[in-house]
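These numbers come from the heavy atoms of this one structure, side chains and all, not from hydrogens, waters or symmetry mates. Order of the sequence lines sets the chain letters (A, B, ...), proteins ahead of strands, with each chain counted from 1.
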Number of protein chains: 2
Amino acid sequence: MTQRNVAIAIQDSPFARKLAAFVRLSQSDLSVMSEIYQRRRRFSVGVDMIHQGQSGQSAFVLASGWACSYKILPGGTRQIVDFQIPGDFLGLRSVLFRTADHNVEPITPVQASEVTQHDLLDAFARTPRLATAVLWAASRDEAMVVEHLVDLGRRSAAERMAHFMLEMGARLRLVGIGDRTGYACPLSQYLLADALGLSAVHVNRVLRELRESGLLTFQKGRVVFDDHDALVELAGFDRAYLDHDGPLLI
Amino acid sequence: MTQRNVAIAIQDSPFARKLAAFVRLSQSDLSVMSEIYQRRRRFSVGVDMIHQGQSGQSAFVLASGWACSYKILPGGTRQIVDFQIPGDFLGLRSVLFRTADHNVEPITPVQASEVTQHDLLDAFARTPRLATAVLWAASRDEAMVVEHLVDLGRRSAAERMAHFMLEMGARLRLVGIGDRTGYACPLSQYLLADALGLSAVHVNRVLRELRESGLLTFQKGRVVFDDHDALVELAGFDRAYLDHDGPLLI
DNA sequence: GACCTCTGCTGATCCAGATCAGCCCGCACC
DNA sequence: GGTGCGGGCTGATCTGGATCAGCAGAGGTC
């Protein structure tokens, strides 16, 4: 494969597409990325990709499948911080902090490219634009976590659920999965509960309410927006934090 | 002032001290920083430093005083995402995303150094190590937001309060304010309520409970840890996410 | 075919924390 | 010296969501 071909291949990956929304990536940026992107690993459901408290962990770029990052509390309960979908960069903090402050676990079978601490620091030294791009991607993740914080702090259960479903819909559409009408969603009600800070029982009831009021249906692994506008209204959803207007770094 | 003197001055700032925990900063990194650090602006209480939805905003390095970053929901309630103390870098996302997705407001009179979009991108291009350091600082902020998310999702009101007070204590000690016994805290119970996702009434009751059970006293602008170990136990507080073990980038 | 586990679903009851209403104090301001 | 008003503080009441308990179907596995 020639250099040029490699660069074309990587350009089409969801990860590169996401970064390109922020910086115009040079040929050398792309080849550094594609080098990393080649090395694929597979993970099966339930096997931690990153383990809280352990050091020397790698980061990953998700190529296919869904994962979730979460924290376990003394007491056994857990809080899911976010779900990762194809194109997402995960475990950055576990590399920068040497020891991981959270877990990451696949929800479906996952394919991911491993990025070691050495890869990362090396890539930053060689291609500063890439470092800035990763900083941007990390900031976008932080914006999502902040939005989840608002969910838990100030939105009711139904608003939270609506907001979450809309956010996942928007994120998936950005990487070419799903459309305005809905998307395939491999999450169980238990996972939703741990993410939204609710009990599984209550998640079930909220989903029923949303279904019966004709807003949203989540059944058999598929989310359908029955009334997109009403959902946006209910959740106070403003997708500004997800997409930005063209590259900042030319 | 000679180059060397400037470098020495900036090295003692809380901001540089924080970054130095992660990367060994070179002479040129320091001089880029000190250039920015000279330009001080003052803000008084209640005047937004960063305004949600507006574009072309700057970031700031806090030199003195406390600020808070928050989001307003349609409906008027707000959620405080975090408080900023001296040495903190704030508004990074408002620069990287061109338009701000949150507000930042001083809680006490504030002195801060302005960092424009141009400053930031320029500094990154000139000193990649600094870019990595800022990435690290941003990740540390994200780790704090994640911990707040866990607070709201899975901790009871008393646990939340304990966790929050311990976290602020640890952060303040890192920049040389306060000690193991307690610290000066300019927050009102209303601010605490907006940060912890509680009502002000309930904040008051929780504070009384903690006081009466001999764990923590917050009165007249001062937080006193009456039983630090019991607080850590109650909150499940693990300060690993705040301090890391020596520079990663040599 | 018996058994287990996972997930979705439901009713009954309980409780942490919200909401409503109001008092008290210090202090800025005219 | 009245008059706001921003805090802190408190009692009474209400409620969203947790908890407890249990059923049903769909796989998986021996």
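If you measure from atom CG of B:L187 to atom P of D:dG6, you get 18 Å, rounded to the nearest angstrom. Rounding to whole angstrom units, CD of residue A:Q189 and P of C:dG8 are separated by 4 Å. Across the protein-nucleic acid pair, B:I107 atom CD1 and D:dG7 atom C1' stand 15 Å apart, rounded to whole Å.
Between the side chain of A:R173 and the main chain of A:G178, no donor-acceptor pair closer than 3.5 Å is present.
Remark: A:F89 pairs with A:F15 by the ring-ring contact (aromatic ring centres under 6.0 Å, His included) rule, at least two apart or across chains. By the side chain to side chain contact (heavy atoms under 4.5 Å, CB included) test, B:V232 is found to be paired with B:L166, B:H228, B:F237, residues two or more places apart in sequence or in another chain being considered. For B:S156, the side chain to side chain contact (heavy atoms under 4.5 Å, CB included) test picks out B:A158, B:E159, with sequence neighbours left out.
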Identify every side-chain donor-acceptor pair in residues 208-217 of chain A under 3.5 Å, counting partners at least two apart or on other chains, and give the distances.
| from | atom 1 | to | atom 2 | distance (Å) |
| --- | --- | --- | --- | --- |
| A:S213 | OG | A:E209 | O | 2.7 |
| A:S213 | OG | A:L210 | O | 3.4 |
| A:T217 | OG1 | A:D226 | OD2 | 2.5 |

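The aromatic rings of B:F164 and B:F83 sit perpendicular to each other, their planes meeting at more than 60°, with 30° as the lower class boundary.
A sub-4.0 Å separation between OP1 or OP2 of D:dG8 and a side-chain N or O of B:Q219 is absent.
Relative to the six-membered ring of A:Y37, A:R40 meets both conditions, a distance below 6.0 Å and an angle of at most 45° to the axis.
Within a heavy-atom distance below 4.0 Å of DNA chain D, the residues of residues 193-213 of chain A found are A:G197, A:L198, A:S199, A:V201, A:H202, A:R205. Residues of residues 145-163 of chain A that place a heavy atom closer than 4.0 Å to DNA chain D, in numerical order, are A:S156, A:A157.
Partner A:W66 forms a side chain to side chain contact (heavy atoms under 4.5 Å, CB included) with one of A:I107, A:V110, A:V45, A:L191 and no other, that one being A:I107.
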